[in-house]
Amino acid sequence: MTAESAAAPSLTSVFVKLKLSLLRNGLRQSTGRTLAYIASVVVGLLCAAGVVIALVALRGNPHAGAVAVLLTGILTLGWAVMPLFFPTGDETLDPTRLVMLPLRPGPLIGSLLVTSLVGIGPVFTLALVTGSVIAVAHGAAAALVGVVAAVLALLVCVSLARAVATASVRLLTSRRGRDLAVLSGLFIAIGAQGVNIAAQRLGRPDGLSVLEPLGDVLRWVPPASAIGAVDDAGRGAYGRAAAGLALTALALALLLWWWQRTLTTLMTAPDSSTLQAVEKDSARAAGSGERGLTRLLPGGRTGTVMLRALRYAWRDPKSKMSWATALGVGILVPVVSSVQGNGTIYTAFSASALLGMQMYNQFGQDTSAFWMVASTIATPRDAYQELRARALTLAMVAVPYVTLVVIGTAAFIGPWSDFLEVYGLSLAVLGALLATGALSSALFPYSIPSEGNKNVAPGQGAIAWFSLFGGFLAGTVLCAPLLGLTIWLHVAGLHGLLWVLLPVGAAYGLGVAELGLRLAAPRVARRLPEILTAVSKG
């Protein structure tokens, strides 16, 4: 019995071999997957090499310590939120797959931690942490502290990601968790704008100096405190260096304890009855909310279609992503332009433009369920009522949102004297896009796959591009009369009459939207079989 136990492989080696085997077998499934993985490895290594070279070039710079500490903090934040946005990024480490195995939490934590170090992410992190250490290490003592700091920082990042994933695994495998993953594109877009602003600030001659206050704070936040300890050791502040390393080691111990505790709870505590109760309560609350919303909507087919559209926007992951992106980016554009110093009140047009684009491909958004809608459309009047209800749903959200964005832009960027003009033009743009969106939905429908990250079914990419950009161009042409009137009032010096653009723009937007719906309705009724075929290809 003892000989057999001694001959048995360790749990860690089994897990590492299992991950490598799954990775190898996954790459064998298709050539495209293999090429994508190789390309990601190459890109990751090139990016890591570029950052490391830049960090090494900072060696000796008085602000190198602040840069290294800030970079480590950003890496740690990325590891913390990565499991929330990409819950299926590493299925081999999903703890729910190990529930039925006779494994103790202590050895399992160690094996999972070592296995987590196998991959592109840990290698990329280790390269950046090593570059940060090189940038701030001066002297033998700092080099020795740097070796320990690099290992501790890497372990803290990986442990943090695994602990967050384990604690959130119930959420991440549910519909709400998948919705959160779909919305990651919005956070990435916002983060990219933040990086763009920060890069512009840092590009100034004294740009790195602005990092010092933030660096002073992050020096005491693990695992950035480990990199700060290397800098302190190079300056001879050995007490501060020891404190920085101790903070990171303590953080690692607490993360491992938290990870082990949540893993034990996950693998031993039954929760099916609790989840069923929560689902019943959620369904009850949702039902009561819908009944309350129903009372606020018009009766008949219009109210039914509006309620269905609102449910899609709230429940369907891709519809929710589209709405969230439009709402988020619509307000982000004025904010970013203001921070960059070139803000103008006219950037408020982004709100009406992005929300107006939600009217495009209305029937494709229903995916395979459109056949039930198609069965209720027999005449152009039925099609008109369907399109009008969808446009009303969009306007119910868009008009208040556009109003708030224009008011906020006028308040923070100004001037208030342009508020009525921009508000009127924004309403006209919204109405024009509602009109062209209805026509585009009738003439150029395409399918949106229900699964995966694709928004267009294979073979329909050209239709989608023509629908969106052609319709947007047509909407711009429809706004030409209002734009001409605005330009004429400015050139003629009749600034006192610019207020007329608000009522004229609102009336024009309402009229052109109604015209677009009436032109699209008979085409929907006539082309219903073709539309049904087009949107069902996904």
Side-chain angles (χ1 to χ4, degrees), residues 47-48 51-83 109-110 112-114 116-164 208 211-260:
C47 291
V51 175
V52 170
I53 293 173
L55 288 170
V56 173
L58 282 176
R59 184 177 173 84
N61 188 291
H63 306 298
V67 174
V69 167
L70 180 60
L71 178 62
T72 306
I74 294 174
L75 276 175
T76 307
L77 179 62
W79 277 96
V81 301
M82 182 176 59
I109 289 293
L112 290 175
L113 180 60
V114 175
S116 301
L117 298 175
V118 179
I120 303 174
V123 173
F124 181 84
T125 303
L126 180 61
L128 266 60
V129 171
T130 303
S132 300
V133 169
I134 295 175
V136 298
H138 299 281
L144 181 61
V145 173
V147 174
V148 180
V151 175
L152 285 176
L154 176 62
L155 292 178
V156 167
C157 289
V158 175
S159 300
L160 178 61
R162 298 266 50 96
V164 170
L208 293 179
L211 300 179
E212 288 296 338
L214 182 59
D216 292 338
V217 175
L218 290 179
R219 281 176 181 273
W220 301 105
V221 179
S225 59
I227 305 302
V230 180
D231 190 21
D232 292 331
R235 300 174 185 271
Y238 299 113
R240 287 167 56 92
L245 286 179
L247 280 174
T248 304
L250 178 61
L252 177 60
L254 291 175
L255 284 172
L256 293 176
W257 172 80
W258 179 41
W259 185 11
Q260 181 173 340

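Because the structure is a prediction, the values reported are computed rather than measured. When reading the values below, keep in mind they use all heavy atoms of this one structure, side chains included, and skip hydrogens, waters and symmetry mates.
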Contact summary for [X] and [Y], nearest pair of heavy atoms:
X	Y	result
Ala153	Thr248	N-CG2, 4.5 Å
Ala150	Val133	CB-CG2, 4.3 Å
Ala80	Val164	O-CG1, 3.6 Å
Ala127	Ala48	CB-CB, 4.0 Å
Ala137	Ala142	CA-CB, 3.9 Å
Gly131	Val52	CA-CG1, 4.3 Å

Checklist entry - Knowing that exactly one of Ile120, Leu154, Thr130 qualifies, which makes a side chain to side chain contact (heavy atoms under 4.5 Å, CB included) with Thr125? => result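 So the option named by the test is Leu154.
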Next on the checklist: By the definition side chain to side chain contact (heavy atoms under 4.5 Å, CB included), identify the one residue from Val67, Ile53, Val136 that meets it with Leu58.
Outcome noted: Val67
Calculate, to the nearest 0.5 Å, the distance between atoms [atom1] and [atom2] belonging to [X] and [Y] respectively.
X	Y	atom1	atom2	value
Leu155	Leu117	CG	CG	6.0 Å
Leu254	Leu160	CG	CG	12.0 Å
Ile74	Leu218	CD1	CG	9.0 Å
Trp79	Ser116	CH2	OG	7.5 Å
Ile109	Leu255	CD1	CG	11.0 Å
Thr72	Arg219	OG1	CZ	10.5 Å

Item to check | Heavy-atom check, side chain of Val129 versus side chain of Phe124, under 4.5 Å | outcome: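 Not in contact.
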Checklist entry - Do the side chains of Leu55 and Leu71 get nearer than 4.5 Å, heavy atoms only? => result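 In contact.
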Checklist entry - Can Ser159 and Trp259 be said to form a side-chain hydrogen bond (donor to acceptor under 3.5 Å, both in side chains), step by step? => result CA-CA 8 Å; Ser159 300; Trp259 185 11; over 6 Å; no
Item to check | Donor-acceptor under 3.5 Å (Arg59 side chain, Ile134 main chain) | outcome: yes
Checklist entry - Backbone N or O of Gly244 within a donor-acceptor pair of the Ser225 side chain at under 3.5 Å? => result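 Yes.
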